[in-house]
Amino acid sequence: MIIKKYKALTEKEAILLAKEDLGPDAIVMNVKKIKPGGIMRLFKKTRVELTAAIDDDMEEQAATTAPAAAPSVKSDEQTIDLRQERRGESAEEPFLFGKAFGENKDSYSEEAQNAIEEKINSIAKLLEQQMQTQKSAEASIKEAANQAISSGEATVKAEEKKTEPEQSGNKVVDLVIKQLMDSEVSEAHAKEIIDELTVKDDKQPIDNILANVYQKIVLKLGEIQPLTAGEKKPKVVFFVGNTGVGKTTTMAKLASLCTLDMKLKCAMFSIDTYRIAAIEQLKTYANILSAPMEVVYTPEEMAQSVEKFKNYDLILVDTAGRSHKSEEQKEDLKQIIDSVKEYETEVFLVVSATVKYADLLSIANTYGELFDYNLIFTKLDETNGLGSILNLKLDTGKPLSYVTWGQNVPDDIGVLDPQIIAKKLLGGGK
């Protein structure tokens, strides 16, 4: 399978380039706009990058039948073989989760120590600014309260007061707790982290307290557990979760990474018979990766299909989106997973970071009653509050694995990096 990228001024031109290079049977995988950068961006046009693919046999056939004349549409960018590109450094990597697949940075690594020595980037300065802002706010509140008392108004927004965390008497500590809560870490977990600090008095510099909190968060996020091949073949991997969280896309991303980067032999199953579009989408990705694809309807068919691919490294199974409140749907899912108990299995619970935390916890607890699982958080590009990652880890004790931040396949996915998450929760890395 050949996968290439093309850049042109318009989508139509990029498609023509792909068709002329790969032939009429080429499949368009992804189209995205690239905005110009630099001070001259106002005078440059937005361009289009198109990713296309074709089977090797079709590509050779297209090469023999292609006309000798030069293409009518030209691009000043050369096509790039995606497999070669992925083996090198990416030009535009998301800061949030880095580039590594299967790379789990040690919490006690040299990079972590350097980050601490650098005072967690600009977080200390940020909190110092917040302290100045808080002083001004406190003065305004006192003035408003005095005016309210003098005019006979008995209370001043009692409900708002309830939402504020209880003050510890240490302004730095209070601001750290507030920053964590602004990142949607629960007040209980924020205070738990502070309570575990050995030194937190007023005489300690801000950066010392921040460094200690940073280390605590990294440790609490725990050891990250990415997908690996099993000790015995095949390993059957299920992707479960509620509707609309991105299970199919996430599984396709991991299938691409396992095939292209880890050189594993993968098969793809779908038991999402509720959505025909999901099956067609998975078939497209399977064809591009030259991976076999099966549609399974019953536990009996699951066992039979797995037996057909017993020499493969991984069998990735896309399940239907299910309501965690439906006992019937939960039982159906459990029967499917139990049907292949003789093989090594692993379950990934895929959850959206945009869902309110009370629902996330309910979903996680419900699936936890059925089987063990690792957590994958999706749609991180659609939210600024990453506190649910820490909250769910602490409340369920389940291992964290991956995060995703977009729809691009096979990009926009990475192993969760505890150090980056800790910085984000403390207001750094914006």
Side-chain angles (χ1 to χ4, degrees), residues 1-56 58-59 61-63 65-99 101 246 248-250 252-257 259-261 277-278 280-290 378-382 403-414:
M1 181 61 63
I2 301 298
I3 305 175
K4 293 185 177 182
K5 289 187 178 182
Y6 301 85
K7 292 181 180 179
L9 293 178
T10 66
E11 182 177 341
K12 183 177 180 181
E13 290 180 358
I15 291 174
L16 287 174
L17 282 173
K19 297 294 184 183
E20 289 172 348
D21 185 27
L22 300 179
D25 295 316
I27 300 173
V28 177
M29 295 177 61
N30 184 55
V31 178
K32 66 179 180 180
K33 293 183 179 180
I34 303 176
K35 295 183 179 180
I39 60 175
M40 298 299 292
R41 63 183 180 275
L42 297 177
F43 304 98
K44 296 180 181 179
K45 294 183 178 180
T46 299
R47 307 189 63 202
V48 171
E49 181 183 84
L50 178 141
T51 303
I54 190 172
D55 184 80
D56 292 342
M58 292 184 178
E59 198 271 341
Q61 182 178 358
T65 59
S72 58
V73 179
K74 296 182 179 180
S75 169
D76 57 357
E77 295 285 339
Q78 294 181 345
T79 58
I80 303 172
D81 190 317
L82 183 59
R83 287 170 292 186
Q84 294 176 354
E85 181 187 6
R86 291 194 60 79
R87 287 194 286 268
E89 294 280 334
S90 175
E92 298 179 358
E93 297 199 39
F95 167 79
L96 181 54
F97 305 106
K99 63 184 174 61
F101 173 77
T248 304
T249 304
T250 299
K253 291 174 182 177
L254 285 176
S256 299
L257 291 170
T259 302
L260 299 176
D261 288 10
E280 294 303 317
Q281 181 184 6
L282 208 56
K283 281 183 178 178
T284 300
Y285 292 129
N287 290 335
I288 291 171
L289 296 170
S290 298
T378 63
K379 303 185 181 182
L380 266 69
D381 56 318
E382 299 180 18
V403 287
T404 73
W405 56 88
Q407 294 295 316
N408 293 325
V409 177
D411 304 313
D412 297 345
I413 190 170

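Since this is a predicted model, take the numbers as computed values, not measurements.
- Interatomic distance, CG of L16 versus CD of E11, reported as 11.0 Å (0.5 Å rounding).
- Of all heavy-atom pairs spanning N408 and K32, the tightest one is ND2-CD, 4.2 Å.
- Under the side chain to side chain contact (heavy atoms under 4.5 Å, CB included) criterion, A52 pairs with Y6, A18, L22, L50, not counting sequence neighbours.
- Side-chain contact check for Q281 versus T249: some heavy-atom pair is nearer than 4.5 Å.
- Put simply, NZ on K33 and OG1 on T10 are 11.0 Å apart, with the number rounded to the nearest 0.5 Å.
- Closest approach of I288 to A53, counting heavy atoms only: CG2-CB, 4.0 Å.
- For the pair D412 and T404, the minimum side-chain heavy-atom distance is 4.5 Å or more.
- With values rounded to the nearest 0.5 angstrom, K7 atom NZ is found 15.0 Å from E13 atom CD.
- In this structure, the separation between NZ on K379 and CD on Q407 is 7.5 Å, given to the nearest 0.5 Å.
- Smallest separation of non-hydrogen atoms from I34 and E49: CD1-CB, 3.5 Å.
- Closest approach of D381 to W405, counting heavy atoms only: CG-O, 3.0 Å.
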